[in-house]
Q: 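Take a look at the following structure, please.
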Amino acid sequence: MTLNTLSGRFALLTGIFVLLAEVLILLPAIANYRLDFLESRLERAQIASLALLATDESLASDLESELLSNAGVFNVVLRRNEVRQLVLSSPIPGPIAATYDLRAQPFWTSAKNAMQQLLDPENRVIRVIGEPVNQAGQLIEITTDTKQLRTEMIDYGLRLLAISAAFSILTALLLNVAAQRMLLVPIRRVINHMTAYANAPEDARSIITPTARLAELNEAEAALAAMQHTVTSALKQKARLAQLGQAVARISHDLRNILTTAQIFADRLETSEDPAVRRAAPKLVNSISRAVNLCETTLAFGKAEEPAPSLSRFNLSALVAEVTEAEALAAETADDAPAIEFLTDIPAGLTIRADREQLFRVLSNLVRNGRQAIEATRKPGTIEIGAGEDEQEWFIRIGDTGPGLPQKARDYLFQPFSGGSRKGGTGLGLAIASDLVRNHGGRLELLRSDEDGTQFCLHLPRDLAGIALREEAAVE
Ligand SMILES: Nc1ncnc2c1ncn2[C@@H]1O[C@H](COP(=O)(O)OP(=O)(O)OP(=O)(O)O)[C@@H](O)[C@H]1O
Ligand SMILES: [Mg+2]
């Protein structure tokens, strides 16, 4: 039982507190003992002097000194009827050192006198004044010495101290046993659970079940159980995501290989006899190489984060046209899809600096979300893309007239796998878009979303200092 354990400290503190309490009792007890002692002296002296008063004659000196020594005093003065009467007397061995009037002594004075008496080893003569018992006079005064008084006070104090010590040790032991049963055993149980849980956090069986009867401990166990539930399910989800990630990586890998073959065939179409095929060929090649790129990026994502943006200067309206053309095509080919109008409001000469491929993905994701939201309403709608610039940044606004973001998508905005509620969606589009914009040092924000539609705004800073970028030869 060392002092840095709970039980050790508990025992030590209990011992100290009980002893402290006992010492506080000891002082008044010794003071009272002294008062009792002196009062009994007064009483005995009174009885001795009454013997003399009864005979009404002067006593033989032998008898007088016997009476005095029986009472333990040198002389007695009993005052009756205002006359001071010296009743019994014998020689006093020394000068009177102090006079104590017991009739009106406050507690603190008698406690102080008791302490002085204890600390003074000399045998001194003292005078004690008190009231005679049964009002047999007005006052009684004796002289006596302090030797016996002091010896008895020390004896009494030591006895009391020994009892206190025994009492405090017993109390400390009892409290310690109680603390062991009530606190330490349940705390040890929680610690054992925590250790077992730390060894196998995925195992839901090692989650603690709150059983402690002590309310505070039970609360702690309940909080621990809640935390363990969260950690275990987060770990399970993480494991599932890791498996999903591996599957995606495998699919991307094989898809890239298939697309690379398709790309080779598409290249050959450029030399076709048919002019219509020749015209379509570059678009097909472009689409396929974009798909290959995406597969490669997905593979890279499996290993690390998105690659750092590879910057180039390019015309924004051309990029937006590519996005809207692809989405318009997708809208037309969908069965019984409502009419969707694509409006763009971008200054013709607006050139921005960003990773063209990544920005294409960001805009595609946002425009596609808008299109899918409008299609889900089965009513015609509009998607509008506007852009502009100021001294600090370029900004692009993408708005639609769809039904607005569902609550879940708002709660988990930009969080992967969490906010998706669209059938067939993975809930990754917005998270990827916001990640890519953040990698540019910019931000994607939701401007508004209500029953009239949704609008996002994308901010790209002009000053890209401090961001890890791969700068490529500027293409105007
Ligand atoms: N413009 C929008 N209007 C209405 N709801 C939207 C809009 N954009 C996103 N949402 C909602 O937010 C959810 C999350 O969108 P997000 O693009 O992240 O995932 P997704 O579209 O479900 O799947 P995917 O990963 O294929 O894009 C969607 O399921 C959809 O419910
Ligand atoms: Mg989406």
Side-chain angles (χ1 to χ4, degrees), residues 237 240-241 243-245 247-249 251-252 255 287 290-291 293-295 297-299 301-302 305-306 320 322-324 326-331 333-334 337-345 357-387 395-439 442-459:
Q237 196 187 3
R240 275 200 298 275
L241 287 181
Q243 285 165 357
L244 182 72
V248 169
I251 294 166
S252 301
L255 197 62
S287 302
R290 194 166 282 143
N293 238 331
L294 187 59
C295 288
T297 334
T298 314
L299 278 172
F301 181 76
E305 302 279 285
E306 289 282 352
V320 170
E322 278 179 49
V323 173
T324 48
E327 285 306 312
L329 203 66
T333 47
I340 297 176
E341 193 182 1
F342 290 88
L343 299 176
T344 50
D345 177 19
E357 201 50 51
Q358 291 189 354
L359 196 62
F360 179 88
R361 284 167 59 199
V362 172
L363 295 175
S364 285
N365 265 309
L366 295 171
V367 174
R368 193 181 317 130
N369 276 350
R371 169 176 67 76
Q372 287 164 340
I374 293 172
E375 281 172 0
T377 62
R378 303 193 168 274
K379 286 185 205 138
T382 311
I383 291 179
E384 197 172 348
I385 306 171
F395 52 88
I396 308 170
R397 293 204 182 97
I398 302 102
D400 63 62
T401 55
L405 289 166
Q407 191 55 43
K408 189 177 166 204
R410 263 181 243 204
D411 291 345
Y412 297 99
L413 196 64
F414 306 136
Q415 290 182 30
F417 302 113
S418 311
S421 58
R422 189 173 55 79
K423 203 170 159 232
T426 52
L428 268 175
L430 285 178
I432 291 177
S434 125
D435 247 22
L436 291 174
V437 177
R438 210 171 325 119
N439 283 358
R443 73 198 151 87
L444 179 61
E445 65 171 333
L446 175 64
L447 282 187
R448 80 183 162 81
S449 181
D450 48 40
E451 60 273 24
D452 297 330
T454 305
Q455 195 177 30
F456 284 95
C457 186
L458 195 157
H459 303 265

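Excluded from the calculations below are hydrogen atoms, water molecules and symmetry mates; all remaining heavy atoms, backbone and side chain alike, are included. Counting starts at 1 for both ligands and their atoms, following the listed order.
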Q: Should V367 and I383 count as side-chain neighbours, where that means a heavy-atom distance under 4.5 Å?
A: yes
Q: Which option, L366, T454, L405, owns the non-hydrogen atom nearest atom 7 (C) of ligand 1?
A: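 Of the listed residues, L405 has the closest heavy atom.
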Q: Distance-only, no hydrogens or angles: does the T401 side chain make a donor-acceptor pair with backbone N or O of G453 under 3.5 Å?
A: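 No: the side chain of T401 does not pair with the backbone of G453.
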Q: Do ligand 1 and A431 have nitrogen or oxygen atoms that lie under 3.5 Å from each other?
A: no
Q: Looking at D411 and K408, is there a salt bridge between them, counting it only when a charged N and a carboxylate O are closer than 4.0 Å?
A: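 No, no charged N to carboxylate O under 4.0 Å.
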Q: Suppose we screen for salt bridge (Lys or Arg N to Asp or Glu O under 4.0 Å). Which residues come up paired with R443, at least two apart in sequence or across chains?
A: E445
Q: Which atoms of ligand 1 are found less than 4.0 Å from any heavy atom of A409?
A: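 Selected atoms, number and element: 11 (C), 12 (O), 13 (C).
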Q: Go through the structure and list residues passing salt bridge (Lys or Arg N to Asp or Glu O under 4.0 Å) with E357, not counting sequence neighbours.
A: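 Listed in chain order: R290.
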Q: Any idea which atoms of ligand 1 are less than 4.0 Å away from a heavy-atom of G404?
A: 4 (C), 5 (N)
Q: If every non-hydrogen atom of P338 is compared with every non-hydrogen atom of P380, which pair is closest and at what distance?
A: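 Nearest pair, atom of P338 first, then P380: CB-N, 3.7 Å.
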Q: Work out whether the distance between some heavy atom of P406 and some atom of ligand 1 is less than 4.0 Å.
A: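 It does, in that a heavy atom of P406 comes within the 4.0 Å cut-off of ligand 1.
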Q: Per the side-chain hydrogen bond (donor to acceptor under 3.5 Å, both in side chains) rule, which among Q372, R371, R378 passes with E375?
A: R371
Q: When you compare the side chain of F342 with that of I385, does any pair of heavy atoms fall below 4.5 Å?
A: no
Q: Atom 1 (N) of ligand 1: which of N369, D400, L413 has the nearest heavy atom?
A: D400
Q: I need the protein N, O or S atoms closer than 2.8 Å to the Mg ion (ligand 2), given as residue plus atom name.
A: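 The answer, once waters are left aside, is N369 OD1.
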Q: For R410, enumerate each residue passing the salt bridge (Lys or Arg N to Asp or Glu O under 4.0 Å) test, keeping only those at least two apart in sequence or located in another chain.
A: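 So R410 forms no salt bridge (Lys or Arg N to Asp or Glu O under 4.0 Å) with any residue.
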Q: Return yes or no for this condition: an N or O of G429 is under 3.5 Å from an N or O of ligand 1.
A: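 Yes, G429 has an N/O under 3.5 Å of an N/O on ligand 1.
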